[in-house]
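Only one structure is covered here, and it is reproduced in the block below.
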Amino acid sequence: MRGKMEFFDRQAERWDAMRHGAAEQGRLDGLVGRFGLRAGDTVLDLGCGTGRATPLLLRAAGAGGRVVCADFSAGMLREASRKRGLRGAGFVQARAEEIPCADGSFDAVVCYCAFPHFEAGRALGEIRRILRAGGRLVIAHPLGSAEINEIHKRAGGAVSKDVMAPAPAMGTPLRAAGFRPLRLVDRPGTYLVIALKE
Ligand SMILES: C[S@@+](CC[C@H](N)C(=O)[O-])C[C@H]1O[C@@H](n2cnc3c(N)ncnc32)[C@H](O)[C@@H]1O
């Protein structure tokens, strides 16, 4: 876990400049519109990194909503908190496997490009705990699972073995963790899993 935290800390300053181009930004814009977020929602951006998805989550939640950014990397959080577009968001340094938030305190938890790095079973348990009944888990990437896993393999080091399961295969662990899968989309350029807390 520490090795992975250091891996991301080292990348924080240049994260936004790395391989994240206009094409990805376009796909991110399109994806967020499919998350099913509503004005007034309280949303956790879990594994927020430098907050690339956060402005869109803030817009979806609207003036009456709230967005909290969580990440275990202090470097990533520092970069995120410097951004003007993220004013209005809250920030918390936390591991996905041990989230320091109250039971039932979120309408939605969004993991954008982050879930494969978590210890899946423990993270799902924590996400379920902090969601209200009927609350929404979103796991999204601007790539399909085969593309994600290839990138991690090529990146090597602490993330080389971090795997995103094909979306159809997520149904079983989600149900086991107390979620009802709503969407399981996995194709080149799009990974979108949405599940509701039962
Ligand atoms: C691939 S980056 C994506 C960051 C951001 N969502 C984006 O799209 O730019 C994954 C992020 O998850 C964070 N992360 C990885 N494992 C984590 C864990 N177990 N708990 C909390 N954050 C974690 C990393 O520090 C990193 O910022």
Side-chain angles (χ1 to χ4, degrees), residues 1-32 35 37 43-58 60 67-83 85-86 89-101 106 108-130 137-145 147-164 177 189-193:
M1 177 77 69
R2 177 151 295 283
K4 209 179 282 189
M5 201 186 298
E6 286 163 2
F7 175 93
F8 283 110
D9 254 347
R10 277 197 302 275
Q11 307 215 10
E13 272 183 41
R14 56 199 170 101
W15 184 253
D16 287 351
M18 286 168 61
R19 67 173 182 262
H20 306 125
E24 182 185 328
Q25 188 61 45
R27 273 182 265 161
L28 168 59
D29 291 348
L31 269 174
V32 175
F35 288 178
L37 301 176
V43 181
L44 182 67
D45 184 356
L46 184 58
C48 63
T50 56
R52 290 185 309 142
T54 316
L56 299 168
L57 304 181
L58 282 163
V67 176
V68 177
C69 296
D71 203 290
F72 69 1
S73 158
M76 289 286 190
L77 283 172
R78 188 179 53 244
E79 295 301 314
S81 62
R82 282 185 182 146
K83 290 184 176 168
L86 271 61
F91 296 92
V92 58
Q93 187 172 9
R95 298 168 51 209
E97 300 78 8
E98 202 174 348
I99 305 172
C101 298
F106 287 89
V109 174
V110 173
C111 308
Y112 180 67
C113 295
F115 193 83
H117 306 299
F118 303 160
E119 292 177 36
R122 291 180 62 201
L124 285 176
E126 276 296 82
I127 292 167
R128 186 176 189 283
R129 181 184 65 75
I130 63 164
L137 163 63
V138 179
I139 302 173
H141 298 257
L143 300 167
S145 61
E147 298 163 301
I148 297 163
N149 297 334
E150 185 55 36
I151 286 178
H152 291 163
K153 215 186 294 171
R154 264 192 276 129
V159 300
S160 64
K161 295 196 171 75
D162 290 357
V163 169
M164 188 70 254
T190 305
Y191 188 99
L192 180 61
V193 164

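Whatever order the structure lists them in is the order used to number ligands and atoms, beginning at 1. Just so we're clear, the structure is a prediction, and the values are computed from it rather than from any experiment. Residue numbers start at 1 and run along the sequence shown.
For ligand 1 and Ala94, the ligand atoms under 4.0 Å from any heavy atom of the residue are 20 (N), 21 (C). Heavy-atom contacts of Gly49 reach the following atoms of ligand 1: 4 (C), 5 (C), 27 (O) (cutoff under 4.0 Å). Close approach to Met76 involves these atoms of ligand 1, each under 4.0 Å from a residue heavy atom: 27 (O). Atoms of ligand 1 lying under 4.0 Å from at least one heavy atom of Arg95, given by number and element, are 20 (N), 21 (C). Residue-ligand proximity, Glu97 to ligand 1, at heavy-atom distances under 4.0 Å covers atoms 19 (N).
Residue Pro100 comes nearest to Val92 through the heavy atom pair CG-CG2, 3.9 Å, listed as atom of the first residue, atom of the second, then distance.
The heavy atom nearest to atom 25 (O) of ligand 1, considering only Asp162, Thr54, Asp71, is found in Asp71. By heavy-atom distance, the residue among Tyr112, Trp15, Phe7 lying nearest atom 2 (S) of ligand 1 is Trp15. Around atom 5 (C) of ligand 1, the closest heavy atom drawn from Cys113, Cys48, Ser73 belongs to Cys48.
The number of heavy-atom neighbours closer than 6.0 Å to CD of Glu119, taken from other residues, nucleotides and ligands shown, is above 12.
In terms of polar-atom proximity, Phe8 is not counted as a contact of ligand 1, lacking any N or O under 3.5 Å from an N or O of the ligand. Residue Phe118 places no N or O, backbone or side chain, under 3.5 Å from any N or O of ligand 1. On a distance-only criterion, Phe72 and ligand 1 share at least one N/O pair closer than 3.5 Å. Inclusion of Lys4 in the set of residues having an N or O under 3.5 Å from an N or O of ligand 1 is not warranted. Taking any N or O of Arg52, backbone or side chain, at least one lies under 3.5 Å from an N or O belonging to ligand 1.
Arg128 is linked by a side chain to side chain donor-acceptor pair (under 3.5 Å) to nothing, counting only residues two or more places apart in sequence or in another chain.
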If you look only at distance, which donor and acceptor atoms sit under 3.5 Å apart when one is on a side chain in residues 72-80 and the other is two or more places apart or in another chain?
residue	atom	partner	partner atom	Å
Ser73	OG	Asp9	OD1	2.7
Ser73	OG	Gly75	N	3.4
Ser73	OG	Met76	N	3.0
Glu79	OE2	Arg82	NH1	3.1

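Defined by atom type and a distance below 3.5 Å, a donor-acceptor pair is present between the side-chain atoms of Asp162 and His117.
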message: Determine whether Leu124 and Leu137 satisfy the following criterion, side-chain contact (heavy atoms from CB on, under 4.5 Å), listing intermediate values before the conclusion.
response: CA-CA 9 Å; Leu124 285 176; Leu137 163 63; 3.7 Å; yes

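Ring pair Phe115/His141: centre-to-centre distance not below 6.0 Å.
Here the straight-line distance linking atom CG of Leu56 with atom CG of Leu28 works out to 5.0 Å at 0.5 Å rounding.
Residues Glu126 and Arg95 are not paired through a salt bridge, judged by the lack of any N-O separation under 4.0 Å between the basic side chain and the carboxylate.
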